[in-house]
Amino acid sequence: CLKFHPNGTFVTGGSDGVINYWDRIQRSRLKHTERMNLPIVATGFNHNASLLAYATSYDWSQGAKGYNPTTHKPQIYIHNINSSDLD
C-alpha cells in the first residue's frame, strides 16, 4: 500500500511488515519502522496528516491454507507523525 503525505513524501507498507518513509524528489528512503509480525495491509493519513494509521493482517498471499485465525488477528495502529519522520 502507498499513501502520499501533503509535503510530497510518501509511505509504503507491504507483506514484509515494514512501513517505509520515502522522499519522492530525492528518490530515497528516509526511514523505516521495525518489522511487524504480520503484513501491512492498509495505510492512511488523517485530515491534516499529523497521524498515520496502518493495519496489519493476513494478506492471503499464501492462500487459505496459510491462514491461521489464532495468530493472524488484524490490528490497527496509529502513529503520531513527527517532522523527523519526513525529513
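Side chains are part of it too, since the values below use all heavy atoms of this structure and drop only hydrogens, waters and symmetry mates. Numbers here are sequence positions counted from 1.
Residues V41 and W60 are not in side-chain contact: their nearest non-hydrogen atoms beyond the backbone lie 4.5 Å or more apart. Side-chain contact between I19 and Y77 is absent, with no heavy-atom pair separated by less than 4.5 Å. Using a 4.5 Å heavy-atom threshold, the side chains of I81 and H79 count as touching.
Within 6.0 Å of NZ on K31 lie more than 12 heavy atoms contributed by other residues, nucleotides or ligands. Enclosure of atom CG in N68 by more than 12 non-hydrogen atoms of other residues, nucleotides or ligands within 6.0 angstrom is indicated.
We find the CG-CG distance between L38 and D59 to be 9.0 Å, quoted to the nearest 0.5 Å. A distance of 12.5 Å separates OG1 of T9 from CG of N20, quoted to the nearest 0.5 Å.
Judged by distance alone, with hydrogens and angles left aside, the side-chain atoms of Y58 form a donor-acceptor pair with the main-chain N or O of G63 at under 3.5 Å.
Pairing each heavy atom of F10 with each of R24, the nearest pair is CE2-CB, 3.7 Å. Looking at every heavy atom in both residues, L51 comes nearest to N80 through CD2-OD1, 2.8 Å. Nearest heavy atom pair, residue I40 against residue G17, reads CG1-C, 3.8 Å.
Partner of V11 under the side-chain contact (heavy atoms from CB on, under 4.5 Å) criterion, out of F4, W22, F45: F45 alone.
Applying the side-chain hydrogen bond (donor to acceptor under 3.5 Å, both in side chains) definition to pairs two or more places apart or across chains, those involving residues 43-57 are N46-N48, N46-S50, N48-S50.
Follow the hydrophobic side-chain contacts under 4.5 Å out from V18 and you never reach L30; the two are in separate clusters.
Using bins of under 30°, 30° to 60° and over 60° for the plane-to-plane angle, the ring pair H72/Y67 lands in the parallel bin.
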